[in-house]
Protein chains: 2
Amino acid sequence: MSASIEDVAKRAGVSIATVSRSLRGLPDVAASTRDRVVTAARELDYVASPFAARLASGRSSTLGVVVPFINRWFFAEVLGAVETVLSAAGYDLLLHNLGDSDGRERFFSMLPVRKRVDAVLVVSLALSDYEVEALSSLELPVGVLGVKHPGLFSVRIDDVAAARSAVRHLLSLGHRRIALIGGDTDDPMRFTPPHHRGTGYRDALTDAGIDVDPALEGLGYFTVAGGEAAMLQLLALDERPTAVFAESDEMAYGAMRTIRRAGLRVPYDIAVVGFDDHATAGLLDLSTVRQPVAEQGALLARGLLASLAHDTEPSDLVLDTELVVRGSTVPAASVYAQVGSGD
Amino acid sequence: MSASIEDVAKRAGVSIATVSRSLRGLPDVAASTRDRVVTAARELDYVASPFAARLASGRSSTLGVVVPFINRWFFAEVLGAVETVLSAAGYDLLLHNLGDSDGRERFFSMLPVRKRVDAVLVVSLALSDYEVEALSSLELPVGVLGVKHPGLFSVRIDDVAAARSAVRHLLSLGHRRIALIGGDTDDPMRFTPPHHRGTGYRDALTDAGIDVDPALEGLGYFTVAGGEAAMLQLLALDERPTAVFAESDEMAYGAMRTIRRAGLRVPYDIAVVGFDDHATAGLLDLSTVRQPVAEQGALLARGLLASLAHDTEPSDLVLDTELVVRGSTVPAASVYAQVGSGD
DNA sequence: CTGTTAGCGCCTTCAT
DNA sequence: ATGAAGGCGCTAACAG
């Protein structure tokens, strides 16, 4: 077996208590003593057994991170940022991927993070009362990304306002018949974005005095393929839209593809705005709403770590988004005429 | 605090040893006793403290998973599959994302998984001797995905053969001037695919009696943007290629985009083959080499778990790949003529 | 089949 | 500034 604290103590000629104090950087240790201990530890290639330390201290230096689908761009991006923060702080990251509603149910009923993490970070789930209660029963700091819950830490963007700004952009270009490609608000996994971004879309239209037309709202399920299919339906309408707001860039990609396949041009026949500013949005010249993805994850992770260190109160942080106008949006065809007539 | 094993023991009227045995499903416990214990545990909402259990047993029921970049499609896909297997088996997953060569260096020198996992799973890294030695020093089962190392478990595909089949496909269509868009073989992160797939490309050409032309090998860095840039250079050649083999679908997407932007047609002016059968390859009608991504992760995870359970010997599993021909590859223009002339 | 009893390796008072 | 000693909560012989 590898070296234990006692081996180090013997080699340094001190007690195990002093070894513990020295190696953890606690005060009240003579510099010379600490040096001897550190040297001995290095020579023995010693690292403390985390389990023994956790059992004795009650702290686990571990964060539980819960994501709905690890293999989607947004979640992977968040996870990467969280991992960076945690590993820099010497924390372990226990990963839980829900996958589907069964996995979700299993997670919240079993709570596999019980007695093994100091805090939990949940990404982009609209939590039910039951789920919030389950998390609260852990009596740990809990952070949620994307939603606000009383008593929980949160970092998010204002999805409603962000969506509104995207649709307003289209309105300002003269578009009046604007479609929505969104997620399923009845999805069993209950993501937060579909609700909020859909609301922002409708708000913007209403504010502009335009009636909301349910026929213009397609379901894209946050995938490229879904965006493609949704756009196909929209093109089949008697009066097709002149612009589309997709609740994610990936759905926007699908929509653009369908539009072009139908022999129409983006943006001249149909303008498209996405949401996220996904890595390839620039390449595809897609106008979109940029949100700070990694930053949300990093800030939430840091907030939780800070709370563990100083017992801070739950906070709610709302980050800014930014409309990025690229080539996929231009004035509606109808506007050219109006402008030409000097309106 | 929450209930401990002693609370359960008292409530069930047995000793803590019996509680331990009952709850872990060990033999030699009377059914009636076990029932009482299980009931008591449920009533108290008891779960064993993993740290105490780990300290006492020496087993951690935890796997360390190391990925180069969590936010790339391939790794996220693998990670998802691994997580599914582990959580089903009651194992915890400790995630380590290397990110860059600094992170990599840090991981292998500090070995933050030390004393906290039962096995380690490393994804797609060409390990240096030093790194293999570091992993071996853990004296744990180690699995690597994508490469073979003596003494380590591995699951992989035959990258050389797979790449060769893709290039052969182009050759069989009559293409003679075939470009490669690959990863940087000098990349400090040293992925395994660039080496092997590049070799397969060159082998296929050589086998067909075609000289390998370094000018036809572009660097796409496994990103869409990189593929785009590499293709731009290839188009600038005096004699441009009639076909391209990209070592990943994402690079192929970039290449296709550049080709079209240049006013050329895929596949008629330039045929494109990718690698992976990425989720959107079908949508983009890209011919490619399908590899079982999630399956590789799942099999490796299961192999490691099996090794923990039965102390099996390290195994090396090579999974099949499959050439998926779609619309991005057709016979070279030159071939039409030949066919037309009755050749 | 069940109970007793050492540890597992460290942290943390409490003394000194 | 350092040491001694009692847990932390469980597992794993060993008895019986």
Side-chain angles (χ1 to χ4, degrees), chain A residues 1-41 44-62 90 92 114-118 139 308-309, chain B residues 1-41 44-62 90 92 114-118 139 308-309:
Chain A
M1 275 307 287
S2 56
S4 80
I5 196 172
E6 222 177 304
D7 301 328
V8 179
K10 276 186 195 140
R11 181 170 252 256
V14 296
S15 71
I16 63 168
T18 298
V19 172
S20 178
R21 283 191 276 257
S22 302
L23 261 25
R24 286 184 299 148
L26 296 188
D28 297 332
V29 179
S32 60
T33 308
R34 185 184 309 261
D35 284 350
R36 260 186 304 138
V37 171
V38 168
T39 304
L44 293 173
D45 197 27
Y46 168 81
V47 287
S49 155
F51 303 138
R54 289 163 190 191
L55 184 57
S57 71
R59 280 172 268 100
S60 70
S61 297
T62 301
D92 284 340
R114 261 206 302 175
K115 295 189 180 174
R116 56 193 83 193
V117 303
D118 291 338
E139 301 186 317
L308 291 174
Chain B
M1 275 306 288
S2 54
S4 80
I5 197 172
E6 223 176 305
D7 302 328
V8 179
K10 275 186 196 142
R11 182 169 251 262
V14 296
S15 71
I16 61 168
T18 299
V19 172
S20 179
R21 284 192 276 258
S22 302
L23 261 26
R24 285 185 297 149
L26 296 188
D28 296 332
V29 179
S32 61
T33 308
R34 185 184 309 253
D35 283 351
R36 260 186 305 141
V37 171
V38 169
T39 304
L44 293 173
D45 198 27
Y46 168 80
V47 286
S49 155
F51 303 137
R54 290 163 189 190
L55 184 57
S57 71
R59 280 172 268 101
S60 70
S61 297
T62 301
D92 284 340
R114 261 208 301 177
K115 295 190 181 176
R116 58 194 81 192
V117 302
D118 291 338
E139 300 186 319
L308 291 173

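Residue numbers begin at 1 in each chain, while the letters A, B, ... track the order of the sequences.
Formation of a donor-acceptor pair under 3.5 Å by the B:Arg34 side chain with backbone atoms of B:Ser22 is found in this model. No donor-acceptor distance shorter than 3.5 angstrom exists from the side chain of A:Lys115 to the backbone of B:Pro50, with no hydrogens or angles considered.
Look at A:Asp92 and B:Arg116 and you find a salt bridge, because one of the NZ, NE, NH1 or NH2 atoms lies within 4.0 Å of a carboxylate O, short of that distance. A salt bridge is absent between A:Arg54 and A:Asp118; no separation between the charged side-chain nitrogens and carboxylate oxygens falls under 4.0 Å.
Scanning all heavy atoms of the two residues, the minimum distance from B:Ala9 to B:Val19 falls at CA-CG2, 3.5 Å.
Running 5' to 3' along DNA chain C, contacts with non-hydrogen atoms of chain A at under 4.0 Å begin and end at C:dG9 to C:dT12.
Two residues are said to be in side-chain contact when any heavy atoms from C-beta on lie closer than 4.5 Å; A:Ser60 and B:Phe51 meet this criterion.
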Reading 5' to 3' through nucleotides 6-16 of chain D, protein heavy-atom contacts under 4.0 Å coded B for base, S for sugar-phosphate only, - for none: -BBBBBBB---
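For the residue pair A:Arg24 and A:Ser20, a side-chain donor N or O sits within less than 3.5 Å of a side-chain acceptor on the partner.
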